[in-house]
Amino acid sequence: MILETLSQSVSTVLHNKKRLLKALLIPFLVTYCLRSMKVSVAGYELYSEILVVIFNIAIFLTSSMICLRTQQILDKHDTDDTDDTDDTVDAPWQWLKFDSQQRRYSGYLLVLFVLLQAIFLLIEADYKIATNGLVYSVMLVLSVVGWVIFSRLSFVLPAIASGKEASFKDAWAITKDKKLYAFVIAGLLPVAFYMLFIGLPIFLLFANPNLAMGLKFIYIFIWGVIVIAIPFIIAAIEATAYRALMDKSKATEISNPA
């Protein structure tokens, strides 16, 4: 069940809170600073746009690092471990590091990001330029198919984080018999999180301009933290789901068998 996966994700994160803190605090702070600097230089001047692109690349890399480290830790230290000792208690804080595993992870994440943008463009085009019901239906079906493919291929990321030389072919095989589970975990839940934690607050603030002005700086700070935290949340859930898929856990069943 999906709720079982979510519950297991929360338990595993809490079980590894010290490991996660030492591994992710610096990347979190760096990512937040990069986002703040990007906002401060954004403008219409050419050099500003170039700086924004540079900041976006840097943010992508640090966010990728957050996702990889999250999935590495949750894969190695789940709540079923009999050894509850924290092997990072005496270890130094982890800094920014781009080793071969990180580069491989970031490369696959970039491909998935491009695929996601293509799906969004198709949905946008479907809304703007579809001239009749047939064209609209065909583009809508293509968008849904692309979304399902994206959700299945996304499981290459926790596979790489677990230390495997995984590829999209492996992710496809892992989710072969669990297409709906993969779609809910990697396709629907991220959209739900973004709508709930980003879309809804933005809508409420725009609906009340006076409140928006009064909470401007507080909102910007909180929004910046949430934007960084959502990839961490999604990575944690996918790591738990990947482990359930590999173990053929009952948690991957969407409905109880009759």
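These figures come from a predicted structure and were not determined experimentally. For reference, positions follow the sequence shown, starting with 1.
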S.K.: Taking R69 for its side chain and L24 for its backbone only, find out whether a donor-acceptor pair lies under 3.5 Å.
M.R.: no
S.K.: Under 4.5 Å between side-chain heavy atoms, counting indirect links through other Ile/Leu/Val/Met/Phe/Trp/Tyr residues: same cluster for L109 and F113 or not?
M.R.: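 They do not share one cluster, since no chain of ILVMFWY contacts under 4.5 Å joins L109 to F113.
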S.K.: I'd like to check the side-chain hydrogen bond (donor to acceptor under 3.5 Å, both in side chains) partners of Q71; sequence neighbours left out, ordered by chain and number.
M.R.: Y105
S.K.: Which residues, ordered by chain and number, are linked to L14 in its hydrophobic cluster, where ILVMFWY side chains connect at heavy-atom gaps below 4.5 Å, directly or through other members?
M.R.: V10
S.K.: Strictly distance-based, threshold 3.5 Å: is any side-chain N or O of S7 a donor or acceptor partner for the main-chain N or O of L3?
M.R.: no
S.K.: Got a sec, which residues hit side-chain hydrogen bond (donor to acceptor under 3.5 Å, both in side chains) with N56, two or more places apart in sequence or on another chain?
M.R.: K38
S.K.: Find the distance between CD1 (I26) and CD1 (I66) and round it off to the nearest 0.5 Å.
M.R.: 11.5 Å
S.K.: Could you tell me whether the side chain of S151 and the main chain of V148 form a donor-acceptor pair under 3.5 Å?
M.R.: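 Yes; at least one donor-acceptor contact below 3.5 Å.
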S.K.: Taking distance alone, no hydrogens or angles, what donor-acceptor pairs closer than 3.5 Å link side-chain atoms of residues 153-164 to residues at least two apart or in another chain?
M.R.:
| from | atom 1 | to | atom 2 | distance (Å) |
| --- | --- | --- | --- | --- |
| S154 | OG | F150 | O | 2.7 |
| S162 | OG | A159 | O | 2.6 |
| K164 | NZ | Y242 | OH | 3.3 |

S.K.: For Q102, is there any backbone N or O sitting under 3.5 Å from a side-chain donor or acceptor partner on D99?
M.R.: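 The answer is yes, because a donor-acceptor pair under 3.5 Å joins these two groups.
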S.K.: For residues 104-119, pull every pair meeting salt bridge (charged side-chain N to carboxylate O under 4.0 Å, His left out), keeping only residues two or more places apart or in separate chains.
M.R.: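 Qualifying pairs: R104-E165.
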S.K.: Give, for atom CG of L74 and atom NZ of K76, the distance between the pair rounded to the nearest 0.5 Å.
M.R.: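 It is 11.5 Å, given to the nearest 0.5 Å.
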S.K.: Kindly compute the distance separating CG (L34) from CD1 (I57), expressed to the nearest 0.5 Å.
M.R.: 12.0 Å
S.K.: Taking only residues two or more places apart in sequence or in another chain, which ones pass side chain to side chain contact (heavy atoms under 4.5 Å, CB included) with V191?
M.R.: W147, M195
S.K.: Tell me whether L21 shares a hydrophobic cluster with F28, the cluster being built from Ile, Leu, Val, Met, Phe, Trp, Tyr side chains joined at under 4.5 Å.
M.R.: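 Yes.
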S.K.: What heavy-atom pair brings I119 and S143 nearest, and what distance separates the two atoms?
M.R.: CG2-O, 4.0 Å
S.K.: Restricting to ring pair (Phe, Tyr, Trp, His ring centres under 6.0 Å), what partner residues turn up for F232, sequence neighbours left out?
M.R.: none
S.K.: Please check if atom CZ in F98 has more than 12 non-hydrogen atoms from other residues, nucleotides or ligands closer than 6.0 Å.
M.R.: yes
S.K.: Please step through side-chain contact (heavy atoms from CB on, under 4.5 Å) for the pair I226 and F193, ending with a clear verdict.
M.R.: CA-CA 10 Å; I226 291 175; F193 282 127; over 6 Å; no
S.K.: Between CD1 of I185 and CD of E238, what distance do you get to the nearest 0.5 Å?
M.R.: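 Answer for the CD1-CD pair, I185 versus E238, is 8.0 Å.
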S.K.: With sequence neighbours left out, write down each residue that passes side chain to side chain contact (heavy atoms under 4.5 Å, CB included) with K176, or none if nothing qualifies.
M.R.: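 Applying side chain to side chain contact (heavy atoms under 4.5 Å, CB included) to K176 gives R152.
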S.K.: Salt bridge (charged side-chain N to carboxylate O under 4.0 Å, His left out) with R103: which residues, sequence neighbours excluded?
M.R.: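 Result, salt bridge (charged side-chain N to carboxylate O under 4.0 Å, His left out) vs R103: none returned.
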S.K.: Could I get the full list of side chain to side chain contact (heavy atoms under 4.5 Å, CB included) partners for K169, not counting sequence neighbours?
M.R.: S167
S.K.: Let me confirm one number: the OG1-CZ distance from T70 to R19, rounded to the nearest 0.5 Å.
M.R.: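 Interatomic distance, T70 OG1 to R19 CZ, rounded to 0.5 Å: 13.5 Å.
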S.K.: Please enumerate all residues that pass side chain to side chain contact (heavy atoms under 4.5 Å, CB included) together with P231, with sequence neighbours excluded.
M.R.: C67, Y194
S.K.: Compare every heavy atom of T240 with every heavy atom of T5, then report the nearest pair and how far apart it is.
M.R.: O-CG2, 3.7 Å
S.K.: If we ignore hydrogens and angles and just use 3.5 Å, is the side chain of N16 paired with the main-chain N or O of T12 as donor and acceptor?
M.R.: yes
S.K.: Nearest heavy-atom pair of T175 and A182: which atoms, and what distance?
M.R.: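 Heavy atoms of T175 and A182 come nearest at CG2-CB, 3.8 Å.
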S.K.: Please list, chain by chain and in numerical order, all residues satisfying ring pair (Phe, Tyr, Trp, His ring centres under 6.0 Å) with F55, sequence neighbours excluded.
M.R.: none
S.K.: Distance check, rounded to the nearest 0.5 Å: L68 atom CG versus I73 atom CD1?
M.R.: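 If we round to the nearest 0.5 Å, L68:CG and I73:CD1 are 9.5 Å apart.
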S.K.: Of all heavy-atom pairs between I59 and T62, which one has the smallest distance, and what is that distance?
M.R.: O-OG1, 3.1 Å
